[in-house]
Amino acid sequence: MRCFDCHQVHSGRNPSNLIRSGNALCLNCHTADNPAGLRTSVAEHTHHPAGSPGSECTSCHMPRIEQTLGKTSVSSHTFRFISPKLTEQFGIPNPCTSCHEGKSNEWALSELASWKTTSPWRVSR
Ligand code: HEC
Ligand code: HEC
Ligand code: HEC
Ligand code: HEC
């Protein structure tokens with residue numbers, strides 16, 4: 001993966017100079033027929049209604065937690081989902097409770113444990 005797989009070098013047509021905007025950027029590669037593709041529909045994968053903020057790929061895979069200059073935070077570019085377990089262990093902010101302000105890590109972990117699309121061993125234990 002190179003920066004220009006997602007970003008356009010000379011055009012500001014989309015926010016952050018992206019080649020495509022919204023989920024279309026990610027779904028261009030993560031199609032069902034691709035080994036790295038989603039095995040389910042977007043709503044089944046995200047467990048949030050399609051088209052809603054909780055169903056945007058970047059909401060869970062690129063939260064704005066990378067600190068740069070001063071208090072400016074930019075999107076994480078590791079794309080890995082950050083489990084609330086990592087918040088408990090290392091204090092890294094997770095996307096669930098960053099968006100669901102006021103909810104606990106415990107709440108997010110028990111919701112994640114009920115998701116059949118992912119292994120609880122990877123995300124909630
Ligand atoms: C140019 C094609 C391409 C685009 C665009 C793309 N991906 Fe990927 N993505 C890949 C490939 C290839 C892999 C590696 C698959 C593997 O090694 O199994 C990958 C892996 C991943 C993984 C798994 C990472 C891991 O460590 O297991 C996640 C999550 C992911 N991408 C999310 C996203 C998100 C979110 C976007 C949109 C912001 C996105 N991808 C856009 C091609 C792409
Ligand atoms: C509400 C949160 C959430 C949203 C939104 C979300 N994902 Fe995920 N995604 C997860 C979780 C949780 C995992 C499992 C992580 C793990 O097992 O380490 C995951 C795993 C993945 C993986 C790794 C392979 C797999 O299926 O386990 C890919 C690729 C991926 N997501 C792509 C996407 C794309 C593309 C979008 C947008 C269409 C998206 N995700 C939106 C939570 C989300
Ligand atoms: C898989 C797709 C993908 C790749 C590869 C990628 N980016 Fe991004 N980048 C994004 C997305 C999506 C956003 C916008 C995130 C948002 O709006 O929440 C973004 C945003 C940014 C921003 C704006 C600041 C921000 O946080 O929104 C900068 C700067 C940036 N990327 C630099 C880079 C650089 C440098 C590379 C290569 C080292 C790179 N990106 C590779 C998808 C990608
Ligand atoms: C970008 C913001 C955002 C992120 C990130 C997000 N959610 Fe949500 N979530 C929402 C919104 C908004 C709703 C309300 C339903 C809707 O979208 O119409 C919701 C609804 C829910 C609900 C059902 C209603 C409730 O409050 O009980 C659960 C459960 C939930 N989210 C769990 C999670 C978990 C677990 C994660 C992390 C994997 C997560 N959410 C990540 C925004 C988000």
Side-chain angles (χ1 to χ4, degrees):
M1 291 293 283
R2 296 146 302 179
C3 309
F4 50 85
D5 283 317
C6 294
H7 293 279
Q8 212 140 45
V9 188
H10 293 299
S11 159
R13 195 158 30 98
N14 296 318
S16 301
N17 287 14
L18 292 166
I19 290 174
R20 291 177 184 78
S21 54
N23 285 359
L25 173 71
C26 317
L27 293 173
N28 194 45
C29 292
H30 290 278
T31 46
D33 56 342
N34 187 299
L38 294 184
R39 298 282 163 268
T40 60
S41 72
V42 170
E44 280 165 337
H45 176 80
T46 66
H47 298 256
H48 287 76
S52 73
S55 211
E56 289 284 318
C57 312
T58 49
S59 296
C60 283
H61 291 285
M62 301 185 71
R64 292 187 171 265
I65 60 167
E66 289 299 330
Q67 296 193 338
T68 54
L69 292 169
K71 290 203 168 70
T72 310
S73 289
V74 298
S75 321
S76 154
H77 273 67
T78 65
F79 308 107
R80 273 259 156 99
F81 173 72
I82 300 161
S83 168
K85 200 79 209 171
L86 294 176
T87 312
E88 282 180 353
Q89 289 170 334
F90 308 112
I92 309 172
N94 74 78
C96 313
T97 59
S98 300
C99 199
H100 288 272
E101 285 174 38
K103 294 276 193 186
S104 65
N105 294 325
E106 206 182 320
W107 167 84
L109 286 168
S110 79
E111 291 298 336
L112 276 166
S114 72
W115 292 11
K116 302 297 173 221
T117 46
T118 186
S119 160
W121 296 103
R122 283 183 301 172
V123 296
S124 54
R125 291 191 201 197

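In this text, all values refer to a predicted model and were calculated from it rather than measured experimentally. In each ligand, atom 1 is the first atom listed, and ligand 1 is the first ligand listed. One-based numbering along the sequence shown.
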**Q.** Protein heavy atom at shortest distance from atom 17 (O) of ligand 3
**A.** Arg64 NH2, 3.5 Å

Q. Backbone, side chain, both or neither: what part of Ser16 comes under 4.0 angstrom of ligand 3, heavy atoms only?
A. side chain

Q: Pick one of side chain, backbone, both or neither for how Asp5 approaches ligand 3, counting any non-hydrogen atom pair under 4.0 Å.
A: neither

Q: Determine, considering heavy atoms only, which of His7, Arg2, Met1 sits nearest to atom 7 (N) of ligand 3.
A: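 Looking at heavy atoms only, the winner is His7.
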
Q. Considering all protein heavy atoms, does one lie under 4.0 Å from atom 41 (C) of ligand 3?
A. yes

Q | Any non-hydrogen protein atom less than 4.0 Å away from atom 25 (C) of ligand 3 | A | yes

Q: Say whether Glu66 and ligand 3 are in contact under the criterion: heavy-atom distance to a ligand atom below 4.0 Å.
A: no

Q. Could a heavy atom of Glu56 be found less than 4.0 Å from some atom of ligand 3?
A.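 Not so, Glu56 does not reach ligand 3.
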
Q | Metal site atom 8 (Fe) of ligand 3: N/O/S of Cys6 inside 2.8 Å | A | no

**Q.** Ligand-residue contact atoms, ligand 4 with Phe81, heavy atoms, under 4.0 Å
**A.** 38 (C)

Q: Enumerate the atoms of ligand 1 whose separation from the nearest heavy atom of Ala36 is less than 4.0 angstrom.
A: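 So the answer, numbered in order with elements, is 15 (C).
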
**Q.** Check: His30 N/O within less than 3.5 Å of ligand 1 N/O
**A.** yes

Q: Tell me which N, O or S atom of His48 sits nearest to atom 8 (Fe) of ligand 4.
A: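 Of the nitrogen, oxygen and sulfur atoms in His48, atom 8 (Fe) of ligand 4 lies nearest to NE2.
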
